[in-house]
K.L.:
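Shown below is the structure under consideration.
So you know, we letter chains A, B, ... as the sequences are listed, proteins then strands, and number each from 1. What you see below is based on every heavy atom in this structure, not just the backbone, and it leaves out hydrogens, waters and symmetry mates.
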2 protein chains.
Amino acid sequence: MAVTIRDVARQAQVSVSTVSRALSAPGMVKEATRQRVLDVVAGLGYQPNRAARSLITGRTGNLGIVVPDLLNPFFPSILRGVQTRAGEAGTSVFFCDSREDPATEAELVRTMSAQVDGVVLCASLLSDDTIEELAALTPLVLINRMVPGVSSVLMDSASGMAQVVAHLESLGHEHHVYLGGPAAAWSNTRRMQGLQGRAELLGSFDPNFTGGYAAAEQALKTGATAFIAYNDLIALGALAYLAEHNVRVPDQISVTGFDDILYATMCSPPLTTVHMPTEDAGKVAVDLLATLLDGGPAEHRELPTTLVVRGSTAKPRMSV
Amino acid sequence: MAVTIRDVARQAQVSVSTVSRALSAPGMVKEATRQRVLDVVAGLGYQPNRAARSLITGRTGNLGIVVPDLLNPFFPSILRGVQTRAGEAGTSVFFCDSREDPATEAELVRTMSAQVDGVVLCASLLSDDTIEELAALTPLVLINRMVPGVSSVLMDSASGMAQVVAHLESLGHEHHVYLGGPAAAWSNTRRMQGLQGRAELLGSFDPNFTGGYAAAEQALKTGATAFIAYNDLIALGALAYLAEHNVRVPDQISVTGFDDILYATMCSPPLTTVHMPTEDAGKVAVDLLATLLDGGPAEHRELPTTLVVRGSTAKPRMSV
DNA sequence: ATGAAAGCGCTAACAT
DNA sequence: ATGTTAGCGCTTTCAT
């Protein structure tokens, strides 16, 4: 069996409670005693048993994160932010992938809630009601989803999209078409708001490469000189379609993405897109969770997004 | 406070031990009793307190996974496999990102070991000695790394690379150049073995887009008609370099990748590469961990890789 | 087949 | 400032 608090107490010639205090309430023990205890702890390599601590404090020292799709490059970077900030506080992070299924999502949060102090829920597909219900079950922080009364971290999609439109207009484009994402997605709604009615809307497509490929075919028929994609994956699919049909980007058509995933810099031409502060969002989510755990109120935080101009946008040609 | 085993016992008119047995040793209680208990459990929504259980059994019901870089698309898919299989057994998964730092890696495993039943370590950069030491600390399964006496799941890189060479040779290529990965990486060594001396070796490059870009410049000077990259990211970088210098792929140069990450299908031309059964590897890793936990022996498992031919390879032209 | 009771390792009153 | 002690919720002997 591993070394316990008793072993430390014995060797440091103090009681177990002194050891406990030296470790978790340093102010309550004499400095000399504390140092002696700490030395023994280091010497023995003592690590408090989390289960035992958890049993009595009611806290687990863990937190959970649920994402819709781990394979979407957008989410690992949020995970990383969460883990980074949580790690600083000695908190461990459980993860789960709901595979874009709302029922699974709710189930995962429920299951997790028993063994974590709180959960971060990304881009949830659940109804407001269900989310409220889950928030009553366990401290909950939403990322890229807004439900009144539930803490959330938003990345300012509307502003990002507005920057896209402004950029295209400054280049001289007059006819833009929006290659939309899932109609049910909250972030799709927000991005459309950012369009301010200045783009032709083109239904909703799967937010992936295949969806973008299909979208481009339709978009081409509109005669627009600029394609504004819901996200980078759709933009990438569009790029592939255009390349195959010998439509030159950005000479003939400008294309913009959204999210700034890794591959946006690697394709050709590299994608003009909107950078999302995903890693920061993960960190802020952990902070909001901490607030909740300290009995603080639910908060909403909005992080700024920034347009990144690369090679996929340019002035429109006179003749297409 | 949540509902405890006592609440269930009281309502089901049995002792707590009977409830405990009904739940974890069904064979030891009369069927009728068991059913009654189960009904009450369902009615009350009772969930056993994991901390309490853990305190006495010494098992946490958790497992950990450490990856070198969550942002490398290769790893999330392993994570997904791990979580999928673990979830089936009611096991939760902690994750950590070592950011390619060996010291952090070891530290993370050590920290985790106290609160998990075992850990999965991916593409470790640690020395054999350190890995053995960690394996003594906690049940450990390696992915894409081989250390005698320590369980591991390998994806057969050597065979994958041999398939690449065979493919290129069948197309008629006679001069291949290998754009190598990190010299220290075990998988780089394995991939080079698969080359069977039939490619010119070109030093080691960072296993990312930038590294590939730089590698392509050098590779071009060799006069080879086929570039064999250590991984997809390097291949992608090479593709970008070649496109910028108006070298047509695959007309003038064939390029192959390795890993079959998501982007390999999205670039143009789409990449001929070697598919790695990453999700399966994650699942198998969990199985090996389970074996270890049951007191079984360390095992090595090798999963097959398969060449995926796409658009980046073709017959060499007579004149380059 | 079931119940009673003893802890698992720790923290938090409660003493001193 | 430190020690004593009673549990946290559960599993597991040991009885019956």
K.L.:
From CZ of R59(B) over to P of dG9(D), roughly how many Å is that when rounded to an integer?
P.N.:
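It is 24 Å, rounded to the nearest whole Å.
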K.L.:
Could you tell me whether T18(A) contacts a base, only the sugar-phosphate backbone, or nothing, with contacts defined as non-hydrogen atoms closer than 4.0 Å?
P.N.:
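Contact class for T18(A): sugar-phosphate only.
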K.L.:
Would you kindly give the CZ-to-P distance between R6(B) and dC8(D), to the nearest whole Å?
P.N.:
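Rounded to the whole Å, the gap is 7 Å.
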K.L.:
Within this structure, what is the CZ-to-P distance between R53(B) and dC8(D), rounded to whole angstrom?
P.N.:
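Computing the R53(B):CZ to dC8(D):P distance gives 19 Å.
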K.L.:
For the side chain of T57(B), counting heavy atoms from C-beta on, which of dT12(D), dG3(D), dC10(D) is nearest?
P.N.:
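Output: dT12(D).
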K.L.:
Is the shortest distance from a Lys or Arg side-chain nitrogen in R190(B) or E302(B) to a carboxylate oxygen in the other one below 4.0 Å?
P.N.:
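Here R190(B) pairs with E302(B) in a salt bridge, since their nearest N and O are under 4.0 Å apart.
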K.L.:
From the set dA5(C), dG9(D), dG3(D), return the single nucleotide nearest to any side-chain atom of L55(A).
P.N.:
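The nucleotide sitting nearest to the side chain is dG9(D).
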K.L.:
Check whether any side-chain heavy atom of L121(A) sits under 4.5 Å from a side-chain heavy atom of V67(A), and report yes or no.
P.N.:
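A side-chain contact under 4.5 Å is absent here.
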K.L.:
How far does the helix from dA1(C)-dT16(D) to dT16(C)-dA1(D) bend, going by the axes of its first and last five pairs, to the nearest 10°?
P.N.:
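End axes: 30° apart.
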K.L.:
Provide, to the nearest angstrom, the distance between the CD1 atom belonging to I56(B) and the P atom belonging to dT11(D).
P.N.:
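Distance, rounded to whole Å: 8 Å.
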K.L.:
To the nearest Å, give me how far apart CG (L23(B)) and C1' (dT12(D)) are.
P.N.:
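For the pair L23(B) CG and dT12(D) C1', the rounded distance is 15 Å.
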K.L.:
Taking CD from Q115(B) and P from dC8(C), how many angstroms apart are they, rounded to a whole number?
P.N.:
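My rounded result for the distance is 22 Å.
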K.L.:
Tell me what S54(B) touches on the nucleic acid: a base, only sugar-phosphate, or nothing, going by heavy atoms under 4.0 Å.
P.N.:
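S54(B): no heavy atom of the nucleic acid under 4.0 Å.
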K.L.:
Establish whether the base of dG3(C) is bridged to the side chain of R21(B) by a donor-acceptor pair shorter than 3.5 Å.
P.N.:
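By the distance-only test, yes, there is a pair.
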K.L.:
Among E299(A), R145(A), H300(A), whose side-chain hydrogen bond (donor to acceptor under 3.5 Å, both in side chains) with S152(A) holds?
P.N.:
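Among E299(A), R145(A), H300(A), the one that satisfies the side-chain hydrogen bond (donor to acceptor under 3.5 Å, both in side chains) with S152(A) is H300(A).
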K.L.:
What is the distance, rounded to the nearest whole Å, between atom CG of N49(A) and atom P of dT11(C)?
P.N.:
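My rounded result for the distance is 9 Å.
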K.L.:
Examine the side chains of S20(B) and S17(B) and answer whether a donor and an acceptor come within less than 3.5 Å of each other.
P.N.:
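Note: S20(B) and S17(B) side chains miss the donor-acceptor criterion.
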K.L.:
Would you check if R50(A) and N62(A) make a side-chain contact, meaning some heavy-atom pair closer than 4.5 Å?
P.N.:
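They are in contact (side-chain heavy atoms under 4.5 Å apart), so the answer is yes.
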K.L.:
Go nucleotide by nucleotide along DNA chain C from the 5' end; which of S17(A) and A52(B) gets its closest nucleotide reached first?
P.N.:
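It is A52(B), whose closest nucleotide lies nearer the 5' terminus.
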K.L.:
Let me know the distance between CD1 of I5(A) and P of dG3(D), rounded to the nearest Å.
P.N.:
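Between P of dG3(D) and CD1 of I5(A): 12 Å.
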K.L.:
Going by ring-ring contact (aromatic ring centres under 6.0 Å, His included), name the pairs with one or both residues in residues 11-46 of chain B, residues two or more places apart or in two chains.
P.N.:
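Passing the test, one end in residues 11-46 of chain B: no pairs.
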K.L.:
Any side-chain heavy atom of L23(A) sitting closer than 4.5 Å to one from L38(A)?
P.N.:
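Result yes, sub-4.5 Å side-chain heavy-atom pair found.
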